[in-house]
Student: 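Starting off with a structure, shown below.
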There are 2 protein chains.
Amino acid sequence: MATIRDVARRAGVSSSTVSLTFSDASRVSAETAKKVRSAAVALGYRPNPLAQGLKRGRSRMIGMVVGDLSNPFFGSLLKEVERLAKRSNYNIIVAESEADQAQELAVLSHLADQRIAGCLLFPHGRGAAYVETLNEFDLPIVTLDHKVEGGAFDFVCSDNRIATSMLTEHLLRLGHRRITHLSGPAHFWTGAERIKGFEHTMRSAGFTDFDIVDGGYMADPAYAETMRLMTRSERPTAIVAANNVMALGCLAAIKDLGVRCPEDVSLAAIDNVPWNSVIDPQLTLVEQDLSRLARIATSYLLERIENPDIDAYPPRETVLTPRLVVGTSTKRYGS
Amino acid sequence: MATIRDVARRAGVSSSTVSLTFSDASRVSAETAKKVRSAAVALGYRPNPLAQGLKRGRSRMIGMVVGDLSNPFFGSLLKEVERLAKRSNYNIIVAESEADQAQELAVLSHLADQRIAGCLLFPHGRGAAYVETLNEFDLPIVTLDHKVEGGAFDFVCSDNRIATSMLTEHLLRLGHRRITHLSGPAHFWTGAERIKGFEHTMRSAGFTDFDIVDGGYMADPAYAETMRLMTRSERPTAIVAANNVMALGCLAAIKDLGVRCPEDVSLAAIDNVPWNSVIDPQLTLVEQDLSRLARIATSYLLERIENPDIDAYPPRETVLTPRLVVGTSTKRYGS
DNA sequence: CTGAAAGCGCTAACAG
DNA sequence: CTGTTAGCGCTTTCAG
């Protein structure tokens with residue numbers, strides 16, 4: 001592989017001139033630049049990113065740390081992020097935290113070792129020590145989905161309260177009164193927000209007697225909770241699930257019990273599921289504009305990376321309003 | 001950040017001894033090693049991968065190049081690959097080729113610039129020039145899914161002929177006679193194999209008059225082809241779709257036409273769809289053991305990476321037998 | 001506007 | 001068994 005010195009020799013200049021030509025062309029005469037470029041092309045010169053990174057103390061890699069790589073929700077995001085990063089000449093290195101604070105921190109520290117330029121993070125930790133550790137990486141970090149309280153990071157998410165509100169209102173309008181919220185963990189930011197949206201909507205409508213059961217954002221607990229719920233004496237006529245995998249766990253339980261959806265119970269959920277449009281029942285859900293989310297998060301990050309002085313700037317925050325998609329999994333109560 | 005020299009100073013040895021301690025501890029006395037290690041710990045020393053990579057001419061990154069990052073099929077694979085790579089101290093850098101040969105090559109060349117240690121590749125090209133270019137990267141490459149003809153790469157896939165055979169036989173056993181194959185492009189390795197499996201099974205059963213329509217592995221063309229197919233005078237009683245997204249395109253068309261599945265037409269497909277178990281109809285399909293696929297591919301790659309002498313070894317190949325999962329989208333003809 | 005020089009942090013002969 | 005030395009390929013003051 002041709003090095004910068006080979007190019008310099010062939011162009012009859014010094015290696016620093018070659019370097020300058022590529023990094024800050026304005027500091028080199030047009031004529032020299034041309035010579036350098038053609039020499040580079042002739043030799044098929046490609047700068048060695050490892051050497052650049054070592055020297056600059058910063059690579060052109062962006063980390064993306066998520067709780068679960070196999071979640072399709074994440075694939076759609078990744079696709080867009082990769083596209084935008086590539087366009088700015090960054091690569092994406094992915095890592096999974098298994099939604100665990102310790103693993104997340106370990107992974108981040110490993111990425112920091114690689115001198116990544118910045119990181120898109122779905123955080124799963126909390127507390128002062130956590131925030132402190134995050135800060136010590138001294139890395140541009142954009143947080144997604146879950147807000148790190150006490151931290152000063154850019155943050156992009158969709159409006160979680162409105163999400164459950166939309167679903168709950170939809171069910172109320174359909175005449176449902178016994179609505180149960182199959183929630184995420186209350187100690188997760190998103191879980192708590194979604195619970196608040198549900199509670200607030202129910203209270204505003206004059207209901208004070210409603211159930212919230214924790215499905216842990218996972219399919220199996222959601223299945224189990226639904227089983228319990230639907231075999232009680234006074235079972236709900238509608239369920240609001242706090243995410244897609246719980247909705248599907250819930251649906252599985254419903255089917256296994258021989259209960260029909262939506263005839264016997266309506267189901268509405270947060271987050272889209274792949275190919276929802278062709279399944280039956282089609283879930284009534286609120287979906288996020290994932291590619292918009294990806295675009296905003298990526299641009300936040302790239303801005304911070306390319307404007308080191310921006311460090312002093314206050315963190316920015318974007319909350320996207322999700323969209324209600326009415327499917328066939330909800331129907332008017334009693335009719 | 002502490003460097004190797006800081007550690008050397010504190011341990012009262014030279015930096016090469018420190019380096020040795022971490023790379024080949026057997027070449028250092030136990031006593032020295034201990035001193036070095038405790039100095040390293042005291043200083044919180046972590047080797048700089050960029051410097052290591054520069055020196056060795058090889059980073060500890062593994063590239064994963066796929067056609068479509070948003071395909072959930074790929075997420076499941078990535079999850080397992082990342083887990084295994086992490087265990088051996090490698091990072092995954094992902095890139096998308098949009099199933100396009102030129103983009104794939106561009107992406108690979110960019111990854112090669114990064115001195116990645118190796119690459120998991122879902123190839124999308126063909127021809128001698130393509131193979132030649134791939135070879136010139138001089139990189140351990142494991143190919144997945146699509147076999148590169150004329151290349152000498154490790155290869156892992158599932159048995160595509162058996163996949164369509166299983167589905168077709170299942171339909172034949174159910175009494176279907178007018179079976180159409182909604183195929184992938186015949187110029188894709190997988191597309192061709194799946195077609196062969198279908199043809200062979202039909203012929204062996206004594207049928208020579210069957211249709212194969214190309215849905216390009218994509219939902220929209222599959223939708224359009226299904227529309228044509230199902231509005232013809234003699235429509236099929238069963239369809240074998242060559243992948244999951246076409247199956248769903250097909251299902252969408254069927255629904256829009258007001259045709260019922262499985263009552264009016266049976267549908268069977270290759271590849272699982274997320275949460276198939278809870279949708280209705282549940283697709284009858286053959287699924288691959290993705291985590292097994294991931295494990296084999298990753299171990300092939302890691303072996304090549306860590307045994308440079310293995311270069312002379314002949315390429316290995318694993319063909320996994322998929323598993324038939326009978327759902328509710330297929331039923332006995334006429335009954 | 002261009003070149004010389006110093007080094008980023010690490011590794012790997014080669015001596016000792 | 002350990003240290004010396006010479007870079008890997010690039011960037012970046014600092015002079016000229």
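Below, chains carry the letters A, B, ... as their sequence lines are ordered, and counting in each starts from 1. The analysis underlying the following values was restricted to heavy atoms, covering all of them including side chains, and did not include hydrogens, waters or symmetry mates.
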Student: Check the angle between the aromatic planes of B:Phe188 and B:Tyr217 and answer parallel, tilted or perpendicular using the 30° and 60° thresholds.
Tutor: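 Taking B:Tyr217 first and then B:Phe188, their aromatic rings sit tilted (interplane angle of 30° to 60°).
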Student: Which is more 5' along DNA chain C, the nucleotide nearest B:Tyr45 or the one nearest A:Val28? Just name the residue.
Tutor: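 Looking at DNA chain C, the more 5' nearest nucleotide goes with A:Val28.
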Student: How sharply is the helix from C:dC1-D:dG16 to C:dG16-D:dC1 bent, taking the axes over five pairs at either end and rounding to 10 degrees?
Tutor: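 Computed from the C1' atoms at both ends, the axes differ by 40°.
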Student: Side chain of B:Ser16, heavy atoms from C-beta onward: which of C:dA13, D:dT11, C:dG9 has the nearest atom to it?
Tutor: C:dA13
Student: What I want to check is whether the side chains of B:Tyr45 and B:Thr3 have a donor and an acceptor closer together than 3.5 Å.
Tutor: no
Student: What's the CD1-P distance between A:Ile4 and D:dC8, to the nearest Å?
Tutor: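 To the nearest whole Å, that distance equals 13 Å.
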Student: How is B:Ser23 classified with respect to the nucleic acid when contacts are heavy atoms under 4.0 Å: base, sugar-phosphate, or nothing?
Tutor: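 No contact.
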Student: Heavy atoms under 4.0 Å, any strand shown: does A:Thr3 hit a base, just sugar-phosphate, or nothing?
Tutor: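 Since only primed, P, OP1 and OP2 atoms lie under 4.0 Å of A:Thr3, the category is sugar-phosphate.
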Student: Identify which nucleotide among D:dT4, D:dC10, C:dG3 has an atom closest to any side-chain atom of A:Ser14, counting heavy atoms from C-beta outward.
Tutor: C:dG3
Student: Closest heavy-atom contact between A:Phe137 and A:Ser109?
Tutor: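 Heavy atoms only, the tightest pair is CE2-CA, 3.4 Å.
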Student: Inspect the surroundings of CD in B:Glu31 and state if more than 12 heavy atoms from other residues, nucleotides or ligands are less than 6.0 Å away.
Tutor: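 Atom CD in B:Glu31 is not crowded, with 12 or fewer foreign heavy atoms closer than 6.0 Å.
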Student: Do B:Gln288 and B:Ser158 get their side chains close enough for a donor-acceptor pair, meaning under 3.5 Å?
Tutor: yes
Student: Measure from CZ on A:Arg5 to P on C:dT2 and round the result to the nearest Å.
Tutor: 20 Å
Student: Pick base, sugar-phosphate or nothing for A:Val13, based on heavy-atom distances below 4.0 Å to the nucleic acid.
Tutor: sugar-phosphate
Student: Within the structure shown, what part of the strands sits under 4.0 Å from A:Phe22 by heavy-atom distance: base, sugar-phosphate, or nothing?
Tutor: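 Nothing, no nucleic acid heavy atom in range.
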Student: Looking at B:Gly63 and B:Leu111, what are the two nearest heavy atoms and their distance?
Tutor: CA-CD1, 4.2 Å
Student: Closer than 4.0 Å, any side-chain N/O of B:Thr32 to the OP1 or OP2 of D:dC1?
Tutor: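 Checking D:dC1 against B:Thr32, no side-chain N or O comes under 4.0 Å of OP1 or OP2.
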Student: Please report the distance, rounded to the nearest Å, between CG in A:Leu20 and P in D:dT13.
Tutor: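 After rounding, the reported distance stands at 11 Å.
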Student: Please give me the minimum heavy-atom distance between B:Leu139 and B:Ile116, naming the atom from each residue.
Tutor: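 For B:Leu139 versus B:Ile116, the nearest heavy atoms are CD1-O, 3.4 Å.
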Student: On DNA chain C, check which nucleotide each of A:Lys55 and B:Arg27 is closest to and give me the residue with the more 5' one.
Tutor: A:Lys55
Student: Separation of B:Arg56 atom CZ from C:dG9 atom P, in whole Å?
Tutor: 17 Å
Student: To the nearest Å, give me how far apart CZ (B:Arg58) and P (C:dC10) are.
Tutor: 20 Å
Student: Write down the distance between CZ (A:Arg9) and C1' (C:dG3), rounded to a whole number of angstrom.
Tutor: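 Nearest whole value for this atom pair: 15 Å.
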Student: For a quick check under 3.5 Å, do A:Thr32 and A:Ser29 share a side-chain donor-acceptor pair by atom type?
Tutor: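 Yes, side-chain donor-acceptor contact under 3.5 Å.
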Student: Would you say a side-chain N or O of B:Ser19 is under 4.0 Å from OP1 or OP2 of C:dC10?
Tutor: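 For C:dC10, OP1/OP2 do not have a side-chain N/O of B:Ser19 under 4.0 Å.
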Student: Picking from C:dC1, C:dG9, D:dT2, which would you name as closest to the side chain of B:Thr17?
Tutor: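 Closest nucleotide to the B:Thr17 side chain: D:dT2.
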Student: Whole angstroms only, please: what is the CZ-P distance between A:Arg46 and D:dC10?
Tutor: 12 Å
Student: Would you say D:dT11 has OP1 or OP2 under 4.0 Å from some side-chain N or O of A:Gln52?
Tutor: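 Looking at the OP1 and OP2 atoms of D:dT11, one of them is under 4.0 Å from a side-chain N or O of A:Gln52.
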Student: Please give, in whole Å, the distance from D:dC10 P to B:Leu54 CG?
Tutor: 9 Å
